[in-house]
Asks: 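After the structure tokens below, expect a handful of questions from me.
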Number of protein chains: 2
Amino acid sequence: MEIDMKIAMETDAPRQNLAINAYRTLKHDIIRGRYVPKEKLLMSLLKERYGVSTGPLREALSQLVADRLVVAISQRGYRVAPMSLAELNDIHDARAQLEGLILRLAIERGDDDWEASVVATAHRLAKVTDISSPDELLDGWDFRHKAFHTAIASGCNSPHLLQMRNTLFDQVERYRHLWLQETVMSSTALEQKRQEHAALVEVILARDAEQAAILMRDHLMTPVPIITRVLEARGIS
Amino acid sequence: MEIDMKIAMETDAPRQNLAINAYRTLKHDIIRGRYVPKEKLLMSLLKERYGVSTGPLREALSQLVADRLVVAISQRGYRVAPMSLAELNDIHDARAQLEGLILRLAIERGDDDWEASVVATAHRLAKVTDISSPDELLDGWDFRHKAFHTAIASGCNSPHLLQMRNTLFDQVERYRHLWLQETVMSSTALEQKRQEHAALVEVILARDAEQAAILMRDHLMTPVPIITRVLEARGIS
DNA sequence: CTGTGCCAAATTGTTAAAATTTATTGATAA
DNA sequence: TTATCAATAAATTTTAACAATTTGGCACAG
């Protein structure tokens with residue numbers, strides 16, 4: 001079983017200006033927890049670490065502020081955005097609602113190609129149960145899981161809604177990573193997820209928008225209690 | 001009748017760093033059509049015009065790229081984002097859908113204070129019919145109209161959904177300005193709007209989420225045909 | 001324990017100049 | 001005339017050095 005892990009970075013081009021490069025790597029590092037929430041982001045350190053000078057670096061940081069992954073305090077530089085239970089809940093609520101809306105539209109607007117891509121990505125995801133190294137399994141599962149959900153959403157046919165979905169997704173990712181880091185994905189949990197996905201595909205193919213939106217919202221909200229425990233264990237309220 | 005036109009810019013602080021200042025004024029100028037779509041944004045010109053040097057200016061521009069009001073072409077600088085019928089339709093569709101969702105949530109979650117603010121801002125908006133200079137009337141109406149819709153949306157109680165609403169709003173504004181520029185707001189059009197608002201308030205107070213979402217979506221989509229004509233008259237497809 | 005004043009460190013912004021890349025012009029050849 | 005192409009001009013992108021402010025910490029006095 002070959003796992004399809006391409007680079008698949010943010011969008012497209014590898015050789016753009018330095019600001020975009022710095023933005024991508026910094027964002028990646030923040031989402032993956034290389035920096036602790038509220039950690040100060042020293043200009044001098046970042047300049048050295050990412051090999052860029054003040055100009056492009058500030059560009060990258062100001063974009064991360066727009067993404068809400070970094071906060072700027074006037075005259076006091078940048079910090080990694082704090083994490084909180086309130087934000088955890090709001091982000092997941094907003095995302096569940098938005099994803100529910102998008103799914104509703106996709107069911108209303110999606111054509112045969114869309115259905116085909118949903119079925120295809122669902123099938124590819126279901127096949128990841130086979131035994132392999134835990135890391136490979138997790139990486140492979142996560143990649144195909146994301147592809148599955150992206151395929152579903154793309155049916156809404158609205159670039160702007162999909163863009164908002166991406167923005168929210170990055171923020172969810174930071175919390176999600178906290179979960180993946182601490183929780184080993186058990187085979188029972190995996191089985192539960194597979195059932196949820198199967199049910200989702202079923203109602204989607206039946207074009208039952210109401211039920212699909214409900215299933216999707218529940219599916220997206222399930223990780224919240226676990227992440228809550230992890231946050232509390234780290235003394236974050 | 002005193003019109004309440006405060007500065008009320010983007011968020012909060014007036015005296016921040018130069019990048020934010022440049023960002024605000026540039027955004028304002030683009031939305032108000034000071035620059036034509038696809039117009040080249042010369043660094044040298046902008047530096048002189050806004051009185052900032054390369055650093056802060058690039059920061060501002062890269063944020064406008066994130067807002068999709070400016071596009072960056074690698075090694076070839078920045079341009080004002082193009083406008084098209086496709087984008088007009090997608091932006092309005094996305095906004096109508098999102099606003100419908102937000103309204104649904106607001107009706108579900110909004111408390112008495114929310115209802116009160118909806119009624120208050122609706123009342124303030126309805127009072128702008130009195131005769132005054134056309135400019136004053138338009139500015140005052142627009143300001144109160146925005147306040148009315150913001151009050152409605154705020155009931156959803158989700159900072160992240162409201163933030164996405166703001167982002168979309170800025171993009172709608174650019175198209176909307178095209179409309180305000182060319183169309184004189186007739187008293188019959190104003191009367192129609194007032195009826196739509198009254199109907200909206202009524203179903204909101206009745207907590208009829210389904211009907212409210214439909215009314216809201218229609219209300220937001222009505223300007224599209226007019227803007228389409230303006231765009232076509234300008235040779236934009 | 002609580003301010004006060006000084007000093008080091010960091011942010012923020014400007015300027016000048018280097019390194020690339022793109023655009024233009026004008027001469028030459030088909 | 002039209003196309004090609006090299007030389008030149010212009011603009012972007014980045015760096016580096018420096019000035020101006022601001023913040024944070026710390027010794028010291030009350």
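In what follows, chains are A, B, ... by sequence order, proteins preceding strands, each numbered from 1.
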Asks: Do A:Glu173 and A:Arg176 sit within salt-bridge range, that is, some charged N less than 4.0 Å from a carboxylate O?
Replies: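 Yes, A:Glu173 and A:Arg176 are salt-bridged.
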Asks: Going by the salt bridge (charged side-chain N to carboxylate O under 4.0 Å, His left out) test, which pairs reach into residues 46-66 of chain A, not counting sequence neighbours?
Replies: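 Checked against salt bridge (charged side-chain N to carboxylate O under 4.0 Å, His left out) - neighbours excluded - the pairs reaching residues 46-66 of chain A are A:Arg58-B:Glu59, A:Glu59-B:Arg58.
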Asks: List the steps and the verdict of ring-ring contact (aromatic ring centres under 6.0 Å, His included) for B:His92 and B:His219.
Replies: CA-CA 11 Å; B:His92 278 82; B:His219 179 62; over 10 Å; no
Asks: Before you tell me yes or no, could you show the steps for B:His123 and B:His197 under ring-ring contact (aromatic ring centres under 6.0 Å, His included), namely the whole-Å CA-CA distance, both residues' side-chain angles and the distance that decides it to 0.1 Å?
Replies: CA-CA 10 Å; B:His123 181 75; B:His197 293 143; over 10 Å; no
Asks: Using a 4.0 Å cut-off on protein heavy atoms (strictly under), produce a 5'-to-3' string for nucleotides 8-23 of chain D with B for base contact, S for backbone-only sugar-phosphate contact, and - for none.
Replies: ---SSSBB------SS
Asks: May I ask you to test the B:Arg79-B:Pro37 pair for a side-chain heavy-atom distance under 4.5 Å?
Replies: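 Result no, sub-4.5 Å side-chain heavy-atom pair not found.
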Asks: Before accepting this row, confirm whether a basic side-chain N of the pair B:Asp93/B:Arg217 lies closer than 4.0 Å to the acidic partner's carboxylate O.
Replies: no
Asks: Tell me if the CG atom of A:Asp112 is crowded by more than 12 foreign heavy atoms within 6.0 Å.
Replies: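 Counting neighbours around CG of A:Asp112, 12 or fewer heavy atoms of other residues, nucleotides or ligands fall under 6.0 Å, so no.
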Asks: Using chain A heavy atoms and a threshold of under 4.0 Å, write down where along DNA chain C the contacts begin and end, 5' to 3'.
Replies: C:dA10 to C:dG13
